Amino acid sequence: MTQPVTIFWHRRDLRPHDNAGLYRALKAGGPVLPLFIFDYEILSKLPSEDARVVFIHDRVAKLAEAYREHGSDLLVRYGKPLNVWSDLIKDYEIAAVYTNRDYEPYAEVRDLAVKDLLTKSSIDFHDYKDHLIFESDEVQKNDGGPYTVYTPYWRKWRTILESRMVPFEGGEISYYLKPYPTEKYADRLWQGRVEEAIPSLAEMGFKEITPDIPPTEVKQGIIRKYDETRDIPGVQGTSELSVHFRHGTISIREKARKAIGLNETYLKELVWRDFYSNILQAFPRVVAGPFREEYANIPWENDEDQFAAWCAGKTGVPIVDAGMRQLNETGWMHNRVRMIVASYLTKHLLIDWQWGEGYFAEKLLDYELASNNGGWQWAAGCGTDAQPYFRIFNYESQQKKFDPDYTYVKRWVPEYGTPDYPQEPLVEHKWGRERALRVYKEALAAAKG
Ligand SMILES: Cc1cc2nc3c(=O)[nH]c(=O)nc-3n(C[C@H](O)[C@H](O)[C@H](O)COP(=O)(O)OP(=O)(O)OC[C@H]3O[C@@H](n4cnc5c(N)ncnc54)[C@H](O)[C@@H]3O)c2cc1C
């Protein structure tokens, strides 16, 4: 290939439409050759049966088809990103590289190394915001620091969103939710077919399985009634879009635009995603330990048999078991139930929240470091904006309130109500609550000195 190309590198943005970085690459002139790298550093640590890899593989193939409809193609390579880029520099005359930012610590280190490598070959590396509506430094307290409590964060988020309105489709929208119409410049895509085939799952050491992936569109009725139904795990009352937000198979701006007209509560939920990413960006230490450092020395029980029972959905607490089985079977769990199972693990079983965080990280199709870490720290009481440790979920009241006729429980725990189901929970509420209160209280008092 003799003509210089601009490379657009897809990562958490597996879609060509409304894509900030791709739009900028095309607008700069082109021709733009899209790229995806199956990252050996990540894949080599996963088990051979991983629904997420299968999902990504499928979406990468769809992305390639979408580019082929425009006479272009997607270049797909497998390897360590730095090695792949060293090869690409030899294989192509690269004019510039464009991509969208990824805020996880591993990705930030990787991108710096790639940028450095490219700079040595005089190739510019341009990165953009696409995954979030606002990055951490865009929503700051009046004195300049990051927010650590959700409600004031949300208020400021909203003020900034509305501070800059632009005309759109006969009305107006926030400048920050404007779509990036990549289709306008589709003729600037590199034209041709790449010679290399997409590496197969088997070549990368993965088994072909069929994950159950929800659609990318949600019925408007679900969003409209979201306030009423979002806490009821027995019905589809939430959007189930999380796997698509995670991998960028949908645009956050598009979904936020729709939410604004339909349901403010839903928009607020989307903002939790920005909020937890903001926390991870501003306090990367949360990856390794509690946000509230005084919680670092809780003397967890960490009973391995109890942990195994929790993972398998065999605790004898019906709603906890239903949630864990839903997770194990589908890779997704309802938000209300995520809170209940996390509370049961960290309070009643007194097992380190990081064990639970790790298990979710292995199993969730929508696994996102920032949201998962934030959710777990919240449940354990050591996070930002956490409920105080002494407010401990009563699983029986949660059951009565959110699944009163056991619709959800019976769906996932068919033996519930038969002699095959444990008659007693591993740890009963009253006793577990009192133990947790005592242990947390003593550990916090000791931390204070
Ligand atoms: C212990 C725990 C761990 C979690 N781990 C993850 C995770 O790894 N990845 C993940 O995407 N979400 C995580 N969540 C948040 C939440 O449970 C899921 O986003 C939600 O259940 C996904 O289903 P949905 O798409 O139907 O959500 P909806 O209710 O339809 O919400 C729409 C979108 O808003 C975002 N969202 C909603 N609630 C939250 C929240 N509390 N925090 C961050 N984003 C939110 C998600 O992107 C979600 O898809 C976790 C929550 C808890 C309590």
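No hydrogens, no waters, no symmetry mates; every other heavy atom, side chains included, goes into these values. No experiment lies behind these values; they were computed from the predicted model shown.
In the model, S239 has a side-chain atom that pairs as donor or acceptor with a side-chain atom of Y266 under 3.5 Å. Between the side chains of N100 and D13, at least one donor N or O sits under 3.5 Å from an acceptor N or O. Side-chain contact of E269 with T265: a donor-acceptor pair under 3.5 Å is absent, judged by distance alone.
In this structure, the side chains of I351 and W300 stay at 4.5 Å or more apart for every pair of heavy atoms. At least one side-chain heavy atom of K255 sits under 4.5 Å from a side-chain heavy atom of I250. P16 places a side-chain heavy atom less than 4.5 Å from the side chain of L63. Under the 4.5 Å side-chain criterion, counting only non-hydrogen atoms from C-beta, H10 is in contact with L74.
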Note to self: Could you walk me through whether R257 and F168 satisfy the side-chain contact (heavy atoms from CB on, under 4.5 Å) test, starting with their C-alpha distance in whole Å, then the side-chain angles of each, then the deciding distance to 0.1 Å, before giving a yes or no?
What the structure shows: CA-CA 11 Å; R257 281 197 304 272; F168 181 68; 4.0 Å; yes

Next item on the list: Report the C-alpha separation of L270 and F245 in whole Å, then their side-chain angles, then the decisive distance to 0.1 Å, and conclude whether the side-chain contact (heavy atoms from CB on, under 4.5 Å) test is met.
Entry: CA-CA 10 Å; L270 295 181; F245 284 126; 3.6 Å; yes

Note to self: Does H57 form a side-chain hydrogen bond (donor to acceptor under 3.5 Å, both in side chains) with R52? I'd like the steps, not just the answer.
What the structure shows: CA-CA 8 Å; H57 194 264; R52 289 168 294 199; over 6 Å; no

Next item on the list: Could you check D130 against R15 for side-chain contact (heavy atoms from CB on, under 4.5 Å), going step by step and ending with a plain yes or no?
Entry: CA-CA 11 Å; D130 180 78; R15 63 179 199 288; 3.0 Å; yes

Check: Which is it for T315 and D321 under the side-chain hydrogen bond (donor to acceptor under 3.5 Å, both in side chains) test, yes or no, and what are the steps along the way?
Finding: CA-CA 6 Å; T315 64; D321 293 346; 2.7 Å; yes

Next item on the list: Let me see the working for F307 and Y359 under side-chain contact (heavy atoms from CB on, under 4.5 Å), right down to the final yes or no.
Entry: CA-CA 10 Å; F307 181 61; Y359 190 72; 4.2 Å; yes

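Pairs of residues two or more places apart, or lying in two chains, never qualify as salt bridge (charged side-chain N to carboxylate O under 4.0 Å, His left out) while including a residue from residues 172-184.
Scanning for side chain to side chain donor-acceptor pair (under 3.5 Å) contacts around T249 gives H244, with sequence neighbours left out. Qualifying side chain to side chain donor-acceptor pair (under 3.5 Å) partners for D212, counting only residues two or more places apart in sequence or in other chains: none. The ring-ring contact (aromatic ring centres under 6.0 Å, His included) check on F134 picks up W157, Y176, with sequence neighbours excluded. With sequence neighbours left out, D227 forms a salt bridge (charged side-chain N to carboxylate O under 4.0 Å, His left out) with no residue at all. Looking at residues two or more places apart in sequence or on another chain, you find no side chain to side chain donor-acceptor pair (under 3.5 Å) involving Q236. Residues forming a salt bridge (charged side-chain N to carboxylate O under 4.0 Å, His left out) with R11 (at least two apart in sequence, or on another chain): D111. Every residue two or more places apart in sequence or in another chain was checked for a salt bridge (charged side-chain N to carboxylate O under 4.0 Å, His left out) with E362, and none qualifies. Residues forming a side chain to side chain donor-acceptor pair (under 3.5 Å) with Y395 (at least two apart in sequence, or on another chain): none. Not counting sequence neighbours, the partners of E104 by the salt bridge (charged side-chain N to carboxylate O under 4.0 Å, His left out) test are R12.
Here the straight-line distance linking atom OG1 of T229 with atom CZ of R224 works out to 12.5 Å at 0.5 Å rounding. The CD atom of E368 sits 8.5 Å away from atom NE2 of H247, with the distance rounded to the nearest 0.5 Å. Separation of atoms OG1 (T99) and CG (D127) is listed at 7.5 Å; rounding is to 0.5 Å. From L75, atom CG reaches atom CH2 of W9 across 12.5 Å, with rounding to the nearest 0.5 Å. Atoms CD and CD, from E217 and E254 in turn, are 6.5 Å apart once rounded to the nearest 0.5 Å.
Surrounding CG of N83 are more than 12 heavy atoms belonging to other residues, nucleotides or ligands, all under 6.0 Å away. Other residues, nucleotides and ligands place no more than 12 heavy atoms under 6.0 Å from the NZ atom of K219. The local environment of CD in E196 is crowded, with over 12 non-hydrogen atoms from other residues, nucleotides or ligands closer than 6.0 Å.
Comment: E138 does not engage K156 in a salt bridge, judged by the lack of any side-chain N to carboxylate O separation of less than 4.0 angstrom. A salt bridge between E264 and K268 is absent, with no side-chain N of the basic residue lying under 4.0 Å from a carboxylate O of the acidic one.
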What side-chain donor-acceptor pairs closer than 3.5 Å can you find for residues 28-45, not counting sequence neighbours?
| from | atom 1 | to | atom 2 | distance (Å) |
| --- | --- | --- | --- | --- |
| D39 | OD1 | E41 | N | 2.8 |
| D39 | OD1 | Y106 | OH | 3.4 |
| D39 | OD2 | Y106 | OH | 2.6 |
| S44 | OG | Y40 | O | 2.8 |
| K45 | NZ | E41 | O | 2.8 |

With a cut-off of 3.5 Å and sequence neighbours excluded, list every side-chain donor-acceptor pair involving residues 330-339.
| from | atom 1 | to | atom 2 | distance (Å) |
| --- | --- | --- | --- | --- |
| T330 | OG1 | Q326 | O | 2.7 |
| T330 | OG1 | W332 | N | 3.1 |
| T330 | OG1 | W332 | O | 3.1 |
| W332 | NE1 | S242 | OG | 3.4 |
| H334 | ND1 | R336 | N | 3.1 |
| H334 | NE2 | R230 | O | 3.0 |
| R336 | NE | D231 | OD1 | 3.1 |
| R336 | NH1 | Q398 | OE1 | 3.0 |
| R336 | NH2 | D231 | OD1 | 3.4 |
| R338 | NE | M333 | O | 2.7 |
| R338 | NH1 | D366 | OD1 | 3.3 |
| R338 | NH2 | M333 | O | 3.0 |
| R338 | NH2 | D366 | OD2 | 2.8 |

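The only option from Y128, F8, Y98, Y185 that meets the ring-ring contact (aromatic ring centres under 6.0 Å, His included) definition with Y23 turns out to be Y185.
Taking the six-membered ring wherever Trp is involved, the centroid distance between the rings of Y153 and F275 falls below 6.0 Å. Under the 6.0 Å cut-off for aromatic ring centres, W376 and F360 qualify, their centroids lying closer than that. Checked against the 6.0 Å centroid threshold, F393 and Y344 do not count as a close aromatic pair. Ring centroids of W272 and Y150 are separated by less than 6.0 Å, placing the two rings close together.
Cation-pi check for K129 over Y103 is not met; the charged atom does not lie both under 6.0 angstrom from the ring centroid and within 45 degrees of its normal. A cation-pi contact, defined as under 6.0 Å to the ring centre and within 45° of the axis, is absent between R155 and Y147.
Side-chain atoms of S174 come within 3.5 Å of backbone N or O of L161 as a donor-acceptor pair. A donor-acceptor contact shorter than 3.5 Å is absent between the side chain of D124 and the backbone of V97.
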